[in-house]
Amino acid sequence: MSETPRGLRAIVLAAIVLCITISLTGARGQDKNAGLHFANVDMGRLASEYIPQKTFREEVAKKKDMLEVEARVFDSNQLLPEADQKTLVDLTLKENAGGPGLSPTEKDTKAKLIAQSNGLIEDAQRLQSTILANVTDADKKKQEGYIKAQADTKSRFELHTKTLSSELDRRQQEIAATYQKNMKE
């Protein structure tokens with residue numbers, strides 16, 4: 001009775017060794033490269049080279065540059081009406097984009113808007129430096145209009161920045177979800 005367990009042990013041990021050998025060598029057949037292979041995946045590199053992510057980073061860089069231009073234009077031309085500010089921003093962005101630049105008509109429009117803005121700023125500064133006793137009712141209304149224009153410009157730019165930021169956040173979440181889905185697949 002003692003020989004049966006020994007014989008059984010030998011058979012089981014032989015079967016285990018055979019299974020291990022077969023799994024390590026694989027079904028070679030004619031292919032010399034067949035067998036057990038290991039893959040090392042650099043997830044950081046994979047994520048950094050993920051094309052939608054690269055495209056998004058480029059998009060963010062462009063929008064950041066655009067936002068900086070808009071901030072400069074809005075800040076230096078706070079007293080212009082909204083439509084004129086937008087026109088000036090568009091012309092400045094076009095001028096900075098490289099390419100052919102501005103046409104002569106666009107250059108004239110930009111120069112006129114900057115001159116108009118400078119005139120408004122000079123008038124606002126003149127009103128601020130006027131002695132309080134010499135300020136007329138018309139000057140007070142003008143000054144209130146300038147203060148309102150500055151506040152409107154600031155709130156419009158803040159709203160624009162917030163909208164752009166939320167749009168980029170939403171886009172980033174979409175890309176991250178797509179990336180996760182593709183990695184699982």
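Being a predicted model, the structure only gives us computed values, none of them experimental. Side chains are part of it too, since the values below use all heavy atoms of this structure and drop only hydrogens, waters and symmetry mates.
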> Shortest non-hydrogen contact from Ser117 to Ser76?
Replying inline: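 Of all heavy-atom pairs spanning Ser117 and Ser76, the closest is OG-O, 3.6 Å.
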Under a 4.5 Å cut-off applied to non-hydrogen side-chain atoms, are [X] and [Y] in contact?
X      : Y      : answer
Ser155 : Leu159 : no
Leu113 : Lys110 : no
Glu167 : Arg171 : no
Leu88  : Ile114 : yes
Phe157 : Leu67  : yes
Lys181 : Thr178 : no

Please check: side-chain N/O of [X] versus main-chain N/O of [Y], any donor-acceptor pairing under 3.5 Å?
X      : Y      : result
Asp75  : Ala71  : no
Thr153 : Ala149 : yes
Thr109 : Thr105 : yes

Please round to the nearest 0.5 Å and tell me the distance separating atom [atom1] of [X] and atom [atom2] of [Y].
X      : Y      : atom1 : atom2 : result
Arg57  : Lys64  : CZ    : NZ    : 14.5 Å
Ile121 : Leu80  : CD1   : CG    : 7.5 Å
Leu93  : Lys62  : CG    : NZ    : 13.0 Å
Lys154 : Gln78  : NZ    : CD    : 9.5 Å
Thr55  : Ile51  : OG1   : CD1   : 7.0 Å
Leu127 : Lys140 : CG    : NZ    : 12.0 Å

>> Applying a strict under-4.5 Å side-chain criterion to I, L, V, M, F, W and Y, I'd like to know whether Leu164 and Val73 cluster together.
In response: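 Linked, Leu164 and Val73 end up in one cluster.
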>> Taking Val69 as the starting point, is it possible to reach Val60 by hopping between hydrophobic residues whose side chains are less than 4.5 Å apart?
In response: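 Val60 clusters together with Val69.
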> Should Lys86 and Glu82 count as an ion pair when the cut-off is N to O under 4.0 Å?
Replying inline: yes
> Salt bridge between Asp123 and Arg126, side-chain N to carboxylate O under 4.0 Å?
Replying inline: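 Yes, this pair counts.
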> Yes or no on salt bridge (charged side-chain N to carboxylate O under 4.0 Å, His left out) for Glu174 and Arg170, after CA distance, side-chain angles and deciding distance?
Replying inline: CA-CA 6 Å; Glu174 288 173 2; Arg170 179 189 53 77; 2.7 Å; yes
> Just one of Gln150, Gln85, Lys148, Gln116 clears the side chain to side chain contact (heavy atoms under 4.5 Å, CB included) bar with Leu79, so which one?
Replying inline: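 Of Gln150, Gln85, Lys148, Gln116, side chain to side chain contact (heavy atoms under 4.5 Å, CB included) with Leu79 is met by Gln150 alone.
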